[in-house]
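For the numbers below, each heavy atom of this structure counts, side chains included, while hydrogens, waters and symmetry mates do not. In what follows, chains are A, B, ... by sequence order, proteins preceding strands, each numbered from 1.
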Amino acid sequence: EPEVTQTPSHQVTQMGQEVILRCVPISNHLYFYWYRQILGQKVEFLVSFYNNEISEKSEIFDDQFSVERPDGSNFTLKIRSTKLEDSAMYFCASSGTSGVQGQFFGPGTRLTVL
Amino acid sequence: QKEVEQNSGPLSVPEGAIASLNCTYSDRGSQSFFWYRQYSGKSPELIMSIYSNGDKEDGRFTAQLNKASQYVSLLIRDSQPSDSATYLCAALNTGTASKLTFGTGTRLQVTL
């Protein structure tokens, strides 16, 4: 069964450093998302991406964040200058039909900012 | 603020019983609803979707939607210890067709 994959599974970085989180969505999906979940809290939407552009972003997704689809398979989230409060699980998700059939989540990247 | 509300639990049910999980939402523009299961330290796993008022059954799971009351529920029949997890309710506003708004989740414990 096709699935979303994410790398790395765990990333430790120093405050102020840049990180890139990588995702390979399900191959025939056209809509891509990033969510995050701070430990013990709810899953929060960051950004959605369709047709090579951002379709919606949340207040969390400020100028420190960017997304890119550098080739036909990868989808990346870059955090330019990490803060302590960026420590969270970051989930990539994809869907085939604008999300109405559900979004399928990858295993996540645990980001720890020291 | 568009919210999805769930009782955090834990909800404890004996093995073989029916577990009933509930969710309310505030955004009347929400048209699609999803239940995800999340084991500790893992990612959300989609288990049910529902779009129309009424019931939708899939194996041991039944999702129920009442748009007038802005209420969604999930019934798990013949609960098993492996069902012990946090169940997340999520709403999609198909006008935006983008983000899922999640509740905080209900932790279910199925006891032997």
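Dense packing is recorded around CD of A:E85, with more than 12 heavy atoms of other residues, nucleotides or ligands lying under 6.0 Å away. Heavy atoms from other residues, nucleotides or ligands lying under 6.0 Å from CZ of A:R69 number more than 12. Other residues, nucleotides and ligands contribute more than 12 heavy atoms inside 6.0 Å of the NZ atom of B:K56. For A:N28, the CG atom sits in a packed shell: over 12 heavy atoms of surrounding residues, nucleotides or ligands are nearer than 6.0 Å.
Both A:F91 and B:L88 belong to a single network of hydrophobic side chains, linked directly or stepwise wherever heavy atoms of I, L, V, M, F, W or Y lie under 4.5 Å apart. Following chains of ILVMFWY side-chain contacts shorter than 4.5 Å, one can reach B:L21 starting from B:Y25, so the two form part of one hydrophobic cluster. B:L92 and B:V72 are members of different hydrophobic clusters when ILVMFWY side chains are connected at heavy-atom separations under 4.5 Å.
A salt bridge links B:E3 to A:K42: at least one charged side-chain nitrogen sits closer than 4.0 Å to a carboxylate oxygen.
You'll find the ring centres of A:F45 and B:F102 outside the 6.0 Å limit.
When heavy atoms are compared at a cutoff of 4.5 Å, B:Q6 does not approach chain A at all. When heavy atoms are compared at a cutoff of 4.5 Å, A:Q37 approaches chain B solely by way of its side chain, counted from C-beta outward. For chain B, the nearby part of A:Y35 is the side chain; its heavy atoms alone come within less than 4.5 Å.
We find the CG-CZ distance between B:L100 and A:F105 to be 6.0 Å, quoted to the nearest 0.5 Å. Rounding to the nearest 0.5 angstrom, the gap separating the NZ atom in B:K99 from the OG atom in A:S58 is 7.0 Å.
One N or O on the side chain of B:S43 and one on the backbone of A:G106 form a donor-acceptor pair closer than 3.5 Å.
Chosen from B:Q38, B:K42, B:E45, the residue pairing most often with chain A at heavy-atom distances under 4.5 Å is B:Q38.
Considering every non-hydrogen atom in both A:V43 and B:P44, the closest pair reads CG2-CG, 4.3 Å.
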